[in-house]
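We count ligands from 1, going down the list as the structure has it; atoms in each ligand are counted the same way.
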Amino acid sequence: MQDDSIFDFDELNEECGVFGIVGHPDAARLTYYGLHALQHRGQESAGIVTTNGEKFHVHRDMGLVNEVFSSERVSQLIGSTAIGHVRYSTTGSSVLANVQPLVFNYAKGEIAIATNGNLVNGDKLRKELEANGSIFQTTTDTEVIAHLIARSSADTLEVAVKETLNELVGAYALLILTNDQLFVAQDPHALRPLAIGKLGDSYVFASETCAFDTIGAAFIREIEPGELLVLTQNDGMRVTRFSEPKETSICSFEYIYFARPDSDISGINVHTARKRLGRQLSKEAFVEADVITGVPDSSTSAAIGFAEATGIPYELGLIKNRYVGRTFIQPSQELREQGVKMKLSAVRKVVEGKRVVMIDDSIVRGTTSRRIVNLLREAGAKEVHVRISSPPVKNPCFYGIDTADRDQLIASNHSVEEIRQLINADSLAFLSAEGMVEAIGRPSEEKNRGHCLACFTSEYPTKLYEALEVEESV
Ligand code: SF4
């Protein structure tokens, strides 16, 4: 699976990454670096809001972090507390109005919100709010959250935030900033990762720990499900809860594909987990071959694991061209085929005349897999055996991952043998769900070891409200 828009027709996309810091004289610049580290989680837009305790300073725009922020822009964002966001839109269209952090003025002052995830009752709440007179300016769930907070009759903002969080169902790793407080919340299932770090005396928050490494912060812990942290510059951090924790259900795809290999989730390094996925895959679906290659970059770790376990050499059979335009558009079939060739090359000297095992992390619609298999064949591969380091994706995600509708997911409508034929492979095998959970290696006391597996098993960790009704009526 690829990570650029050239493959948008056949990929899973992460929705967002969030970053926050409290009490640092260089808050905006550190947030810029933090967002840079989280860029893989969203490439459509970026934004930073800072406060000096009196007013917000805001810059948000469409584009990559380094396109949105010049050094001068960052310097203008004064204040010692900041939140930032990178976004790939799934809920809400790609327009400037939807770029986070969203900023609102309400009766008690300014409020800025940055979220990662997706509410399954977002539309329901929006309709209820509209029926009671709310007027929306964006199409995001984040604005729903702002309206709920603004309409609360609670005496304090903290109580209003807690009441609001208890209305939400779905995935949300959430930062809420005012001029004197930062609230940090994790949904009761902890579907999306969110961690606390420390840089000197400053608390730092990020979707992934790789952002801490980038700015030199030390990891402290992950935000627990149902937890609400309240931070002020003078009083430090207070830990409270808005909900009892429910069964932890971190998105399995964070380990399989989304998170950066140098991030740790629940103390498990992502690269190491992917290597174990590759090892497990080799146990479940060994095949005689001459070389192992991974679809770069996200499948490289699993391919190394497969090679280590089997003794078959790992080779760079596929090379990624990093300089293909991010916004390249491929309206026709012919141009899409060309797009894959621009993006990936097969190394003829490595694969020619060889039996190749091609490791990929998932198959969504199957179109990209077929093109990559064909690239290897055109470069002279004698056999191409495809091994997938996750189970077949059969169900859509409602928690912030842009999968596809069920009828577009190839594994929802085809057997493994049918998929093999469609992608033109000599053999095809997927990792089992049990093998995947075992290989990732999260603590064993929880059922399913604390993973969301819904896109494989259809066991969604929350009620789905209208999301499933819409899906089923398609
Ligand atoms: S449904 Fe799949 S992609 Fe969505 S949160 Fe669950 S495991 Fe992740």
Side-chain angles (χ1 to χ4, degrees), residues 1-3 8 10-18 40-42 88-91 115-122 141 168-174 186-194 207-208 222 225 246-260 263 265-266 268 270 273-274 277 298 360-365 388-406 408-412 430-440 442 446-465 467-468 470-472:
M1 184 163 35
Q2 308 308 299
D3 58 2
D8 270 356
D10 191 20
E11 68 167 359
L12 301 180
N13 281 300
E14 180 68 73
E15 190 173 350
C16 302
V18 296
H40 59 288
R41 299 184 72 86
Y88 170 86
S89 67
T90 56
T91 302
T115 57
N116 176 27
N118 189 55
L119 303 181
V120 291
N121 65 340
D141 284 346
L168 311 181
V169 180
Y172 49 93
L174 185 62
Q186 174 62 289
D187 77 64
H189 292 280
L191 276 145
R192 299 271 149 244
L194 183 62
S207 294
E208 286 184 41
E222 287 175 355
K246 303 200 171 132
E247 191 179 301
T248 305
S249 306
I250 184 84
C251 170
S252 306
F253 264 105
E254 294 285 350
Y255 288 102
I256 298 163
Y257 166 61
F258 298 130
R260 242 173 61 165
S263 287
I265 303 173
S266 301
I268 298 168
V270 169
R274 286 181 192 160
L277 292 171
S298 54
D360 205 351
D361 45 55
S362 55
I363 295 182
V364 183
R365 300 180 204 198
I388 304 298
S389 62
S390 66
V393 176
K394 296 184 174 180
N395 309 287
C397 176
F398 301 112
Y399 304 119
I401 302 304
D402 182 22
T403 46
D405 292 338
R406 188 172 275 127
Q408 295 173 318
L409 295 169
I410 193 169
S412 175
F430 293 82
L431 187 58
S432 66
E434 303 73 37
M436 181 186 75
V437 169
E438 184 71 30
I440 291 172
R442 284 171 66 89
E446 293 171 320
K447 177 179 169 250
N448 287 338
R449 295 202 180 168
H451 294 268
C452 175
L453 301 169
C455 51
F456 312 121
T457 63
S458 82
E459 288 175 31
Y460 291 91
T462 70
K463 191 177 170 191
L464 290 183
Y465 295 89
L468 192 60
V470 170
E471 174 66 24
E472 282 178 341

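- Below 4.0 Å from some heavy atom of R192 lie the following atoms of ligand 1, by number and element: 5 (S).
- Side-chain rings of F456 and F253 approach one another, their centers coming within less than 6.0 Å.
- S249 and Y399 are not linked by any side-chain donor-acceptor pair at a separation below 3.5 angstrom, with hydrogens and angles left out of the test.
- Within ligand 1, counting atoms from 1 as listed, the ones closer than 4.0 Å to a heavy atom of A454 are 1 (S).
- Residue contacts to atom 4 (Fe) of ligand 1: C397 brings an N, O or S atom closer than 2.8 Å.
- Annotation for ligand 1: atoms under 4.0 Å from non-hydrogen atoms of S252 are 7 (S).
- With a cut-off of 2.8 Å, atom 8 (Fe) of ligand 1 has an N, O or S atom of C251 in range.
- When only modelled atom types and interatomic distance are considered, S266 and R442 share a side-chain donor-acceptor pair under 3.5 Å.
- Without hydrogens or angle criteria, N116 side chain to A173 main chain gives no donor-acceptor distance under 3.5 Å.
- Side-chain N/O atoms of S298 and D361 include a donor and acceptor closer than 3.5 Å.
- Not a single N/O/S atom of H451, whether from backbone or side chain, sits less than 2.8 Å from atom 6 (Fe) of ligand 1.
- Remark: R192 does not engage E208 in a salt bridge, criterion side-chain N to carboxylate O under 4.0 Å.
- Using a 4.0 Å cut-off to heavy atoms of C455, the atoms of ligand 1 that qualify are 1 (S), 2 (Fe), 3 (S), 7 (S).
- Of the candidates N118, I401, I256, it is I401 that places a heavy atom closest to atom 3 (S) of ligand 1.
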